[in-house]
Participant: 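Below is a structure I'd like to ask you about.
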Amino acid sequence: MASFFDLLWSESSLFSRILKASVQCRSLFVAQQLHSIMITGGRSRFKFWSNHLINAYAKLGVLNFAFNLFDRMPQRNVMSYNILLGGYIQNGELGAAVEVFNEMGERNSATWNAIITGLIKFEDNEEGLRLFLKMHACGFLPDAYTLGSILRGCAGLKDLNRGKQAHGYAIRSGLEFDLIVGSSLANMYMRSGCLREGGNVIQLLPVHNVVACNTLIAGLVQNGCPVGALDQYNIMKMAGFRPDKITFVSVISSCSELVTLGQGQKIHAEAIKAGAMSVAGVISSLVSMYSRCGCLDYAATVFWEKEGVQEDLVLWTAMIAAYGLHGRGQEAIELFERMELQGLQANDVTFLSLLYSCSHCGLRDKGLEFFDLMLHKYGLQPQVKHHTCIVDLLGRAGRLEEAEAFIQSMPVKPDVVIWKTLLSACKIHKNADMAERICEEILKIDPQDSASYVLLANTQASAKRWLDVSEVRKTMRERMVKKEPGISWFEKKNQVHSFATGDQSHPQSEEIELYLKKLTDELKLHGYVPDTGVVLQDMDTEEKEFSLAHHSEKLALAYALMNTPDGVAIRIMKNLRVCDDCHVVIKYISIVRNREIIVRDATRFHHFKNGHCSCRDYW
DNA sequence: TTAGGGTTAG
């Protein structure tokens, strides 16, 4: 009767099958047993056995074992090298992979594909594409593997030109309708901003799978069509595809964009049922969605009560950003310090979130300290947005000249936002002269920026320079600059009710009007005095009060108060910043109606309770 | 032995 060993040697596929099983079971022990059997059976000199073992060791993450075996092989073929090369790439050791690649005397298509894929996977897209040209020059034609990788590289670089050339290759080689090549093509187009072309490529594929669906959903979110992404999510489910972790990441982020809490909660439940809650990306998306929908508590619960999730930089950054967005600077800082203790290496987004947190709370010294830490300890190059936080902190503290000098001396080109940040500080400190100078800088970059004209006029109004105010208004009329309308919205039972300033189109408009009038009178009894200084028009006081009373957030809030039971917290969203008067009014309402009111404006959240706001009037 | 899709800021 043949022994187990005889069987093993005669049936080479048995050896490779057991090895494959050892990889699937993550059993290094079984792989090592097979290794000893190979040595004692005198099979070490045959490439077949060693190659399979090197592969198994690499997949089990023990690269030193793989390399030792490779090193001792008396004969190696291209496949031996390829396996080692692939092993290094799978384990994130790109440098070692490049070394193996450079050493190889003979290379085949798989060698080239492996190294190109590795480079692109680790975001050295340019080098990956350069090697592709070299591969081509060496006489190797691109196959489906090559195209999948180089299209990913083009997508990473948002390089439509080279992406289209790769599309040409795909058509010529008949791979255009291959599921993987097609998905990569669609992704390349959509990452480069060509949503329609990407969608067409997906539509034309003869069969679809979850990845093709995800490509389309992600493309829609990335190109500013969150509603389309949600539609596509429903279509995908109706077609019988089961959403996976990546589907959830994209589709939850589209709920963040839309600020639709109800929809987001529904998808959260679906993610739980699908068993996707141990994936860091899904948790990051949920944290961001809940915090952007005004539910910091839910965001914190999802973050702190996660189970079986690997610690992840993006996830911690999402939670730091959530605290910052809600004005909880101290918690953001503490979380950052805990993150450092975990050994996670902060990136530029982490620092941006941290600096925003400081700037939203006026934590000036801490902000400056973190800016320094980013630069000197972490060696990260701050971008305009990081500098903007510093300008905000200096400007609000009244150090206007210092903030201006900071902009002039920074190594990156100033943008409209950084100048506008300084302009806002000018308004707070009523420095109309500097405001004029700064506004000129802004209008050089964008002459149609309505918010800057309004800020300048507001600054002049606060300095009581009425002639200058009317001059700005005249310029706006001449240049046909339209003020961006204020819009606020409130979600009730998954339905969004939106209100523009002065809007009378809502079906309950008349009732809202009456309710607001009564409410305002009530507030006046409690000491509220309308702050007509924020109204720019040349009107009399009564007209100004009327205009003030119809700001979009007041209309939305009145509607919400009328349509929700007593004691229920109200969440209002607004596209612009909340004005001073509305901020005061909402504080009074939180007392008079005994309600918790959460308002998200263009930059942050305000939590109003018992006459106080979480921003402590610093926004 | 080699291939495609995602998340954090504004």
Side-chain angles (χ1 to χ4, degrees), chain A residues 51-52 54-55 58-59 77-87 89-90 97 107-118 120-121 142-153 155 175 178-188 190-191 198 202 205 209-219 221-222 244-254 256-257 276 279-289 291-292 312-322 324-325 346-357 383-386 388-389 415 417 602-604:
Chain A
N51 281 347
H52 272 285
I54 295 172
N55 185 33
K59 287 201 164 131
N77 58 5
V78 185
M79 197 188 270
S80 324
Y81 278 96
N82 283 354
I83 291 170
L84 189 68
L85 178 64
I89 291 171
Q90 281 160 26
R107 295 164 185 158
N108 62 14
S109 278
T111 321
W112 285 99
N113 287 339
I115 195 71
I116 291 170
T117 305
I120 288 171
K121 194 171 170 183
D143 58 14
Y145 289 90
T146 332
L147 284 169
S149 291
I150 60 168
L151 282 165
R152 181 175 172 177
L175 290 165
D178 174 275
L179 191 51
I180 294 176
V181 173
S183 305
S184 313
L185 254 176
N187 181 47
M188 180 280 295
M190 292 190 285
R191 284 253 173 193
I202 296 278
L205 289 177
N209 64 359
V210 177
V211 178
C213 298
N214 288 348
T215 307
L216 186 55
I217 292 173
V221 184
Q222 286 153 5
D244 69 3
K245 57 185 183 183
I246 290 171
T247 323
F248 287 117
V249 169
S250 297
V251 92
I252 294 166
S253 101
S254 66
S256 296
E257 289 292 316
V279 180
V282 174
I283 308 289
S284 310
S285 281
L286 281 169
V287 165
S288 171
M289 185 273 289
S291 92
R292 285 160 80 164
D312 177 82
L313 175 66
V314 174
L315 177 50
W316 282 71
T317 302
M319 195 63 227
I320 291 172
L325 191 61
N347 67 7
D348 54 340
V349 182
T350 319
F351 275 104
L352 192 57
S353 307
L354 196 56
L355 290 170
Y356 270 117
S357 307
Q383 298 148 16
V384 190
K385 285 168 182 166
H386 298 92
T388 305
C389 295
D415 62 1
V417 181
T603 57
R604 60 170 299 154

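Chain letters run A, B, ... following the sequence lines, proteins first, then strands; residues in each count from 1.
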Participant: Can you figure out which of B:dT1, B:dT8, B:dT7 approaches the side chain of A:Arg191 most closely?
Facilitator: B:dT7
Participant: Taking the minimum atom-to-atom distance to the side chain of A:Thr317, which one of B:dT8, B:dT1, B:dG10 wins?
Facilitator: B:dT8
Participant: Of all the nucleotides listed (B:dA9, B:dG6, B:dT2), which has the minimum atom distance to the side chain of A:Asn113?
Facilitator: B:dT2
Participant: Heavy atoms under 4.0 Å, any strand shown: does A:Ala218 hit a base, just sugar-phosphate, or nothing?
Facilitator: sugar-phosphate
Participant: Which nucleotide in the set B:dT1, B:dA3, B:dT8 lies at the smallest distance from any side-chain heavy atom of A:Ala110?
Facilitator: B:dT1
Participant: How close do A:Ser149 and A:Ile120 get, heavy atom to heavy atom, and via which atoms?
Facilitator: O-CD1, 3.3 Å
Participant: When you get a sec, tell me which of B:dT8, B:dA3, B:dT2 is the closest nucleotide to the side chain of A:Val314?
Facilitator: B:dT8
Participant: Take atom CD1 of A:Ile217 and atom C1' of B:dT7, then tell me their distance rounded to the nearest Å.
Facilitator: 15 Å
Participant: Give me the atom names and distance for the closest heavy-atom approach of A:Val249 to A:Val282.
Facilitator: CG2-N, 3.7 Å
Participant: What is the distance, to the nearest angstrom, from the CH2 atom on A:Trp112 to the P atom on B:dA3?
Facilitator: 17 Å
Participant: Which pair of heavy atoms, one from A:Ala322 and one from A:Ser291, lies closest together, and at what distance?
Facilitator: CB-CB, 3.4 Å
Participant: In this structure, how many angstroms lie between the C1' atom of B:dG4 and the CG atom of A:Asp143, rounded?
Facilitator: 14 Å
Participant: The side chain of A:Ile83 is closest to which nucleotide in this list: B:dA9, B:dT1, B:dG6?
Facilitator: B:dT1
Participant: Which residues pass the ring pair (Phe, Tyr, Trp, His ring centres under 6.0 Å) test with A:Phe248, not counting sequence neighbours?
Facilitator: none
Participant: What are the two closest heavy atoms between A:Thr215 and A:Met190, and how far apart are they?
Facilitator: O-CE, 3.3 Å
Participant: Side chain of A:Asn82: nearest nucleotide among B:dT1, B:dT7, B:dG6?
Facilitator: B:dT1
Participant: Would you indicate which nucleotide in B:dT7, B:dT2, B:dG10 comes nearest to any side-chain atom of A:Ser253?
Facilitator: B:dT7
Participant: Closest approach to the side chain of A:Leu179, judged atom by atom: which nucleotide of B:dT2, B:dT8, B:dG4 is it?
Facilitator: B:dG4
Participant: Using a 4.0 Å heavy-atom cut-off across all strands, classify A:Arg292 as base, sugar-phosphate, or nothing.
Facilitator: sugar-phosphate
Participant: Please work out if A:Gly148 contacts a base, only the sugar-phosphate, or nothing of the nucleic acid, heavy-atom cut-off 4.0 Å.
Facilitator: sugar-phosphate
Participant: Just how far, in rounded Å, is P of B:dG6 from NZ of A:Lys121?
Facilitator: 15 Å
Participant: Regarding A:Asn187 and A:Ser184, do their side chains bring together a donor and an acceptor under 3.5 Å, going by distance alone?
Facilitator: no
Participant: Test for a donor-acceptor pair under 3.5 Å between the base of B:dG4 and the side chain of A:Ser183, counting only N and O atoms.
Facilitator: yes
Participant: Please classify the nucleic acid contact of A:Asn77 as base, sugar-phosphate, or nothing, using heavy-atom distances under 4.0 Å.
Facilitator: nothing
Participant: Hey, does A:Val417 reach any base, or is it just sugar-phosphate, or nothing, if we go heavy atoms under 4.0 Å?
Facilitator: nothing
Participant: Who are the ring pair (Phe, Tyr, Trp, His ring centres under 6.0 Å) partners of A:His386, not counting sequence neighbours?
Facilitator: none
Participant: Mind checking if A:Glu257 touches a base, just sugar-phosphate, or nothing, with heavy atoms under 4.0 Å?
Facilitator: nothing
Participant: Whole angstrom is fine here: how far is it from CE in A:Met190 over to C1' in B:dG4?
Facilitator: 11 Å
Participant: Using a 4.0 Å heavy-atom cut-off across all strands, classify A:Ser184 as base, sugar-phosphate, or nothing.
Facilitator: sugar-phosphate
Participant: Rounded to whole Å, how long is the line connecting atom CZ of A:Phe351 with atom C1' of B:dG10?
Facilitator: 19 Å
Participant: Base, sugar-phosphate alone, or nothing: which one does A:Gln222 contact when heavy atoms must sit under 4.0 Å apart?
Facilitator: sugar-phosphate
Participant: To the nearest angstrom, how far is A:Ile120 atom CD1 from B:dT2 atom C1'?
Facilitator: 12 Å
Participant: Heavy atoms only, 4.0 Å cut-off, all strands: where does A:Val210 land among base, sugar-phosphate and nothing?
Facilitator: base
Participant: Can you measure A:Lys245 atom NZ to B:dG6 atom C1' for me and round it to whole angstrom units?
Facilitator: 9 Å
Participant: Can you see if the side chain of A:Gln383 gets near the phosphate of B:dA9 - specifically, an N or O under 4.0 Å from OP1 or OP2?
Facilitator: no
Participant: Among B:dG6, B:dA3, B:dA9, which is the nearest nucleotide to the side chain of A:Ala321?
Facilitator: B:dA9
